[in-house]
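Let me begin by presenting the structure, written as structure tokens, before commenting on it.
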Amino acid sequence: MRRTLWKRTWTALAVALLTLSGGYAHGVPAAPSDTMEQDIDVAVQGVDAFWKQHWSEYFTGTYSSPRVVGLYDGTSPDAPTCGGQKLDAGNASYCVPEDYVAWDAGLMTEGYQTGDVYVYFIVAHEWGHAVQSRLDVRLQDVSKELQADCLGGAGLKGAERDGTIIFETGDVKELAQAITSLSDALPWTKVGDHGNASQRINAFDRGLSEGVGGCLPLAAPR
């Protein structure tokens, strides 16, 4: 994934006692790299800009951006809370009552090792949930997680068309490999919550190829 339009200098996330070996080591996530943080920032800026610019093409009302909590240390007692419950390690979340998105540093670091496109997928997926929460119930699919995958794909593809994110050759294959390899390893990708790897890849691909309309229930008004 090549970065474009939004570039900024980041300081490393200050998380005490994090190892540099990658993934989870004795229950402690590795420190996220500056490069990974830049990719996350580009993903956030790109998908948010897409929904801001194109919301009225698909939906009524106005679009408002969710708050971005971003990276957090799920092993820390000071991890952010949602509805009074601490966010888990190895997870990513859209917090409905407080309207924010967040992702555990360990989850992002482990996924990033499979390829940079992984963090784009997570950001776009959680943004998909934020979009769902802003929709009329008739536009919400009963398979909320797969719809969020689809909306994530639509958001990333739309950002690519707008020139804010540029896909490189092999990125989609890289993502498929990442989802498959991690689908059973992390809470965020458990089959019972999010569908199996094949379903998730298909939903994401439908968003890429059909756009936002392909993510809406067939009976919903267009």
Side-chain angles (χ1 to χ4, degrees), residues 1-3 22-24 36 39-40 42-44 46-48 50-51 54 58 88 90-94 101-133 135 139-162 164-220:
M1 183 75 69
R2 190 164 72 235
R3 301 164 198 85
Y24 286 92
M36 186 185 81
D39 276 312
I40 292 171
V42 170
V44 165
V47 296
D48 188 42
F50 167 76
W51 291 113
H54 299 284
Y58 305 105
D88 295 331
N91 209 349
S93 300
Y94 168 64
V101 290
W103 24 83
D104 175 56
L107 172 78
M108 295 300 244
T109 301
E110 185 165 350
Y112 199 70
Q113 293 172 354
T114 68
D116 57 359
V117 72
Y118 187 83
V119 300
Y120 286 79
F121 172 72
I122 291 184
V123 169
H125 171 91
E126 297 307 332
W127 223 275
H129 282 304
V131 169
Q132 283 175 327
S133 75
L135 297 181
L139 298 176
Q140 297 177 17
D141 198 293
V142 292
S143 301
K144 288 186 178 297
E145 297 297 339
L146 294 178
Q147 186 181 37
D149 285 339
C150 185
L151 290 169
L156 288 177
K157 186 63 176 179
E160 182 191 37
R161 286 196 305 269
D162 292 342
T164 57
I165 293 175
I166 299 175
F167 283 110
E168 294 179 328
T169 301
D171 273 343
V172 174
K173 181 179 179 181
E174 183 181 284
L175 174 62
Q177 292 172 336
I179 294 174
T180 301
S181 65
L182 296 177
S183 60
D184 296 325
L186 298 170
W188 189 80
T189 51
K190 284 184 177 177
V191 172
D193 297 329
H194 291 77
N196 60 39
S198 177
Q199 290 173 318
R200 302 202 67 187
I201 293 167
N202 288 340
F204 181 76
D205 185 62
R206 187 168 66 255
L208 288 176
S209 60
E210 300 181 25
V212 175
C215 303
L216 304 178
L218 292 178

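None of the values given here were measured: they were computed from a predicted structure.
Contact of the V212 side chain with the H54 side chain is not registered, since no non-hydrogen atoms from C-beta on lie closer than 4.5 Å. Side-chain contact between L107 and N91: absent, with no pair of heavy atoms (C-beta onward) separated by less than 4.5 Å. Within the 4.5 Å cutoff, side-chain heavy atoms of V42 are placed close to those of Y120. A 4.5 Å side-chain heavy-atom check between M108 and V123 finds at least one atom pair inside the cut-off.
Distance alone, capped at 3.5 Å, is enough to place a donor-acceptor pair between the D141 side chain and the S143 backbone. The closest donor-acceptor contact from the side chain of Q140 to the backbone of S133 lies at 3.5 Å or more, if one exists at all. At distances below 3.5 Å, not a single donor-acceptor pair connects side-chain atoms of E110 with backbone N or O atoms of G90. Side-chain atoms of R206 come within 3.5 Å of backbone atoms of G214 as a donor-acceptor pair (strictly under, hydrogens ignored).
Among W103, F204, Y112, the one residue that satisfies the ring-ring contact (aromatic ring centres under 6.0 Å, His included) test with F121 is F204.
A distance of 7.0 Å separates CG in L208 from CG in L156, rounded to the nearest 0.5 Å. C215 SG to E210 CD: the interatomic distance, rounded to the nearest 0.5 Å, is 8.0 Å. In this structure, CG on L216 lies 8.0 Å from SG on C150, to the nearest 0.5 angstrom. Atom CD in E145 sits 7.0 Å away from atom CZ in R200 (nearest 0.5 Å).
What you find for V47 and A124 is that their closest heavy atoms are CG1-CB, 4.2 Å. When all heavy atoms of A43 and I165 are compared, the closest pair comes out as CA-CD1, 4.1 Å. The heavy-atom pair separating A154 from G211 by the smallest distance is CB-C, 3.7 Å. Summarising the geometry of G46 relative to A159, their closest heavy-atom pair is O-CB, 3.7 Å, with the distance given to 0.1 Å. Heavy-atom minimum distance, Q147 versus L139: NE2-O, 3.0 Å.
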Next on the checklist: For a side chain to side chain contact (heavy atoms under 4.5 Å, CB included) check, start with the C-alpha distance between D39 and Y118, then their side-chain angles and the critical distance, and finish with the verdict.
Outcome noted: CA-CA 10 Å; D39 276 312; Y118 187 83; over 6 Å; no
Checklist entry - How far apart are the C-alpha atoms of L151 and W51, what are their side-chain angles, what is the distance that settles it, and do they pass the side chain to side chain contact (heavy atoms under 4.5 Å, CB included) test? => result CA-CA 10 Å; L151 290 169; W51 291 113; 4.0 Å; yes
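Note: F50 and Y58 have tilted aromatic rings, judged against thresholds of 30 and 60 degrees for the angle between ring planes.
Between the side chains of H129 and Q132, at least one donor-acceptor pair of N or O atoms lies under 3.5 Å.
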